[in-house]
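Each ligand, and each atom within it, is numbered from 1 in the order the structure gives. None of the values given here were measured: they were computed from a predicted structure. In what follows, every heavy atom counts, from backbone to side chain, and hydrogens, waters and symmetry copies are set aside.
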Amino acid sequence: MSETPTQSPHRLLLVGIDGVRLDMLTRIPTPALDRVIASGFLATPLVDPRNITVSGPMWATVLSGLWSDEHGVVCNERPPGDGIHAPDFLSRILRRRPTSELFAAVSWAPLASRVGCGPLVNPETVECFVAECGPETVEDYIRADAAVAEYSVRRLADEPVRAAFVYFGEADEACHEFGVGGEYETAIRRCDAHLGKLLNAIDARLDSDEWIVIVTTDHGHVDAGGHGGDSLVERQVWIACSEPNLEYELRDSAEIASVSVRVTTGSRAALPTW
Ligand SMILES: [Zn+2]
């Protein structure tokens, strides 16, 4: 194989939409997600047996690239047993490229603050926006997700962002409260609309061709609402990515973090097929 020049680093948006069953993506319209898939691909892995199908352990996997046996997050309520979190992908980007502009914007506090199993993104190294959810009802998440979207669109509109993690929680909460049904569908459509605004913000940028967008979920739900078990609908997750060349690298949730670090820091090893 001939020598290829080092790829210039990409910019990356990772969007987490909590608790969205794969079958919902064919049952209801999700035009924003379809835009991502149309330019790239959709991977549909199962959660590895090393993790339970619970948000904290799974987002820790997405953000660190390790499974529970290595990152140590095994529930939503407590940090790892030794109190030390595995480095998140944004902190790893910053270590390689210290001038990178990064942010995380989330509506579930443990993702980016020291509550429950958090912080899964280190707020001491990465600029983090945590929308306050209050008592965590669907209505709370609707407000919090809207604040996350508004903040993220503003940051993406006119700043030299290298990478970002944006998280929406309403869909998961809706399924917990109401099970699979109209409320869940409405929530997923609202999350997809938020994603659409983020994609529009990126499309309007002068550097829009440098961006890779990855969208993923952390677990599914049983029909009545709820997860944590081993059924197919709980273990089935999905990863949508706008860059077709990443299809053979992004095969499961634990590969998202390392791929994200590599594409944003310009490592040639990131994309061996280019
Ligand atoms: Zn979750």
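When distances from the Zn ion (ligand 1) to the N, O or S atoms of Asp18 are compared, OD1 comes out shortest. Closest approach between the Zn ion (ligand 1) and any N/O/S atom of Asp218 involves OD2.
No salt bridge links Asp192 with Arg35; every basic N to acidic carboxylate O contact stays at or beyond 4.0 Å. Salt bridge present: Arg11 and Asp207 bring a charged side-chain N and a carboxylate O closer than 4.0 Å.
To the nearest 10 degrees, the angle centred on the Zn ion (ligand 1) between OG in Ser55 and NE2 in His219 reads 110°.
Take Thr125 and apply the side-chain hydrogen bond (donor to acceptor under 3.5 Å, both in side chains) test, not counting sequence neighbours, and it matches Ser91. Applying the ring-ring contact (aromatic ring centres under 6.0 Å, His included) rule to His194 yields the partners Phe168; only residues at least two apart in sequence or on another chain are considered.
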